[in-house]
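Take a look at the structure set out below.
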Amino acid sequence: MAQVQKFVENHHREPIKHLLIGSPKAVTSTIHYLQVIGYASVGDWSQLLPTANPDEVMSILSRQILVS
């Protein structure tokens with residue numbers, strides 16, 4: 001437990017954004033895969049947003065990570 005406390009004290013949180021861009025099927029499939037491997041829940045991602053390109057969408061995930 002002391003090691004965890006020391007790790008936290010020597011690090012700070014910073015925001016990071018993940019951006020998926022592709023076909024609706026590819027983006028949705030990737031979001032579901034990231035949930036299966038325990039990285040992020042489906043509900044953590046934004047809704048699918050259109051891009052300027054036809055048949056292309058994007059979705060954004062914002063997280064806080066510990067950095068040294």
Side-chain angles (χ1 to χ4, degrees):
M1 190 65 149
Q3 288 178 324
V4 171
Q5 182 65 28
K6 188 172 186 177
F7 177 83
V8 171
E9 289 172 358
N10 293 328
H11 293 76
H12 66 280
R13 292 191 171 276
E14 285 190 21
I16 188 168
K17 293 181 178 138
H18 301 280
L19 179 62
L20 296 176
I21 300 174
S23 71
K25 185 175 181 178
V27 171
T28 301
S29 178
T30 301
I31 289 170
H32 285 271
Y33 175 72
L34 291 171
Q35 177 170 297
V36 168
I37 64 170
Y39 186 73
S41 296
V42 170
D44 294 341
W45 291 86
S46 72
Q47 63 184 1
L48 298 182
L49 306 166
T51 69
N53 300 321
D55 299 318
E56 186 178 76
V57 298
M58 64 180 167
S59 185
I60 303 165
L61 169 69
S62 296
R63 298 192 83 170
Q64 295 280 325
I65 61 166
L66 286 175
V67 294
S68 55

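Taking all atoms of both residues into account, the shortest heavy-atom contact from V27 to G22 is CG2-N, 3.5 Å.
Partners of S29 by side chain to side chain contact (heavy atoms under 4.5 Å, CB included), not counting sequence neighbours: none found. Applying the side chain to side chain contact (heavy atoms under 4.5 Å, CB included) rule to V36 yields no partners; only residues at least two apart in sequence or on another chain are considered. Looking at residues two or more places apart in sequence or on another chain, you find a side chain to side chain contact (heavy atoms under 4.5 Å, CB included) between R13 and Q64, L66.
No continuous path of hydrophobic side-chain contacts links I31 to L19 [ILVMFWY only; heavy atoms under 4.5 Å]. Follow the hydrophobic side-chain contacts under 4.5 Å out from I60 and you never reach V42; the two are in separate clusters. Taking hydrophobic clusters as Ile, Leu, Val, Met, Phe, Trp and Tyr residues chained together by side-chain heavy-atom distances below 4.5 Å, M58 does not share a cluster with L34.
Within the structure, every pair that satisfies the side chain to side chain donor-acceptor pair (under 3.5 Å) test and touches residues 49-60, not counting sequence neighbours, is listed here: S46-S59, T51-E56, N53-E56. Applying the ring-ring contact (aromatic ring centres under 6.0 Å, His included) definition to pairs two or more places apart or across chains, none involves residues 47-68. The list of ring-ring contact (aromatic ring centres under 6.0 Å, His included) pairs with a residue in residues 16-68, not counting sequence neighbours, reads H18-Y39.
For the side-chain contact (heavy atoms from CB on, under 4.5 Å) test with L20, the passing option among T30, T28, L48 is T30; the others fail.
The main-chain N or O of A26 is found under 3.5 Å from a side-chain atom of S23 such that the two form a donor-acceptor pair.
Note that CD1 of I16 is 9.5 Å distant from CZ of R63, once rounded to the nearest 0.5 Å.
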